[in-house]
Amino acid sequence: MDADIQSLHFISEPMLIDQIIGARNKKKIQLFPRGEPWNMLLLSCFLNEIDNFRRVPRRFLTLEKDQNDIVTKKFVFVHNLKEKNKIIIEVSEQITVYSSSEWLLDDWDLDSSKFLSTLRSGNRQRKKPKFQTHYLWYKQIIWRNNCNDSKHTCSLHRFVWLFNDFSSFYKKNDSNKLPF
């Protein structure tokens with residue numbers, strides 16, 4: 001690839017075919033940046049690249065506390081045209097990003113790979129690993145370094161936010177600072 005072109009890759013968790021189209025398909029699928037864990041730079045690039053999403057007015061931010069008193073901040077975005085297409089961002093000690101299966105089916109590419117795993121139908125686990133086909137969605141974001149937009153800004157490791165409410169939440173409130 002040319003030196004003036006950069007790209008980011010995002011992938012979903014691997015799943016069996018029944019978890020995608022079966023009677024017990026997953027409604028919420030975890031997404032990962034390929035090669036490294038989520039951080040604010042990658043999250044910023046991801047948010048800048050998704051189109052036609054808006055925050056949910058009443059449920060944009062919810063706070064959940066677990067039994068260890070760790071607070072998780074949960075942000076929800078929905079697609080402007082397809083309400084079932086959602087993105088959920090959870091921030092606690094780390095960043096976790098989920099998507100609705102509908103959005104992945106609509107906008108992402110599907111790939112398959114065979115390897116040993118303990119997954120089985122109905123979202124259950126096997127006792128012994130079995131060689132089986134897993135499916136995952138992927139999305140590649142490509143941009144040229146000579147462009148003058150938010151994609152280029154992200155490639156230069158600057159923060160840019162498409163959803164101002166998300167970033168302003170962390171900028172204005174000292175008590176909401178990210179733990180990393």
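Position 1 is the first residue of the sequence; numbering continues from there.
- The hydrophobic cluster containing Tyr135 does not contain Leu16, counting ILVMFWY residues as joined when their side-chain heavy atoms lie under 4.5 angstrom apart, directly or transitively.
- Taking hydrophobic clusters as Ile, Leu, Val, Met, Phe, Trp and Tyr residues chained together by side-chain heavy-atom distances below 4.5 Å, Phe115 does not share a cluster with Met15.
- Using a 4.0 Å cut-off between charged side-chain N and carboxylate O, Lys26 and Glu102 make no salt bridge.
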- Check step by step if side-chain hydrogen bond (donor to acceptor under 3.5 Å, both in side chains) holds for Ser112 and His134. CA-CA 6 Å; Ser112 65; His134 291 74; over 6 Å; no
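- Checked against side-chain contact (heavy atoms from CB on, under 4.5 Å), Pro37 has no partners two or more places apart in sequence or in another chain.
- Checking side-chain atoms of Arg126 against main-chain N and O of Leu119 turns up a donor-acceptor pair under 3.5 Å.
- Taking a cutoff of 4.0 Å between a charged side-chain nitrogen and a carboxylate oxygen, Glu93 and Lys73 do not qualify as a salt bridge.
- Side-chain contact check for Tyr98 versus Ile87: every heavy-atom pair is 4.5 Å or farther apart.
- Checked by atom type and distance alone, the side chain of Asn68 never pairs as donor or acceptor with a backbone atom of Ile70 at under 3.5 Å.
- Residues Val91 and Trp38 fail the side-chain proximity criterion, which asks for heavy atoms closer than 4.5 Å.
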- Task: Check the pair Lys114, Phe131 against side-chain contact (heavy atoms from CB on, under 4.5 Å), reporting the backbone distance first and the verdict last.
- Result: CA-CA 7 Å; Lys114 283 190 169 197; Phe131 195 69; 3.7 Å; yes
- Verdict with supporting geometry, Arg54 and Val78, side-chain contact (heavy atoms from CB on, under 4.5 Å): CA-CA 6 Å; Arg54 61 178 163 73; Val78 296; 3.2 Å; yes
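- Counting heavy atoms from C-beta on, the side chains of Leu105 and Trp137 come closer than 4.5 Å.
- Residue Tyr138 is found in a hydrophobic cluster whose other members, listed by chain and number, are Ile11, Phe32, Leu136; membership requires side-chain heavy atoms under 4.5 Å apart, directly or through intermediates.
- At distances below 3.5 Å, at least one donor-acceptor pair connects side-chain atoms of Ser100 with backbone N or O atoms of Lys84.
- Formation of a donor-acceptor pair under 3.5 Å by the Lys28 side chain with backbone atoms of Ile88 is not found in this model.
- A ring-centre distance under 6.0 Å is not found for Trp103 and Phe77.
- Rounding to the nearest 0.5 Å gives a distance of 12.5 Å between CD of Gln19 and NZ of Lys27.
- From Gln132, atom CD reaches atom OG1 of Thr118 across 8.5 Å, with rounding to the nearest 0.5 Å.
- Residues Leu43 and Ile89 meet the side-chain proximity criterion, which asks for heavy atoms closer than 4.5 Å.
- Counting only heavy atoms from C-beta outward, the side chains of Leu31 and Phe10 never approach each other to under 4.5 Å.
- Residues Lys130 and Leu116 are not in side-chain contact: their nearest non-hydrogen atoms beyond the backbone lie 4.5 Å or more apart.
- Distance check: Asn85 CG to Asp107 CG gives 6.5 Å after rounding to the nearest 0.5 Å.
- Checked for salt-bridge contact, Asp106 and Lys82 meet the test: a charged N lies under 4.0 Å from a carboxylate O.
- In this structure, Lys74 NZ and Glu90 CD are separated by 5.5 Å, a value rounded to the nearest 0.5 Å.
- Between the side chain of Ser92 and the backbone N or O of Thr72, no donor-acceptor pair lies under 3.5 Å.
- Looking at Gln30 and Ser12, their side chains never bring a donor and an acceptor atom within 3.5 Å of each other.
- Ile17 has its side chain out of reach of Thr133: every pair of non-hydrogen atoms, C-beta onward, lies at least 4.5 Å apart.
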- Would Leu42 and Glu36 count as a side-chain contact (heavy atoms from CB on, under 4.5 Å) if you check the C-alpha gap in whole Å, the side-chain angles of each, and the deciding distance to 0.1 Å? CA-CA 9 Å; Leu42 290 171; Glu36 58 186 295; 3.5 Å; yes
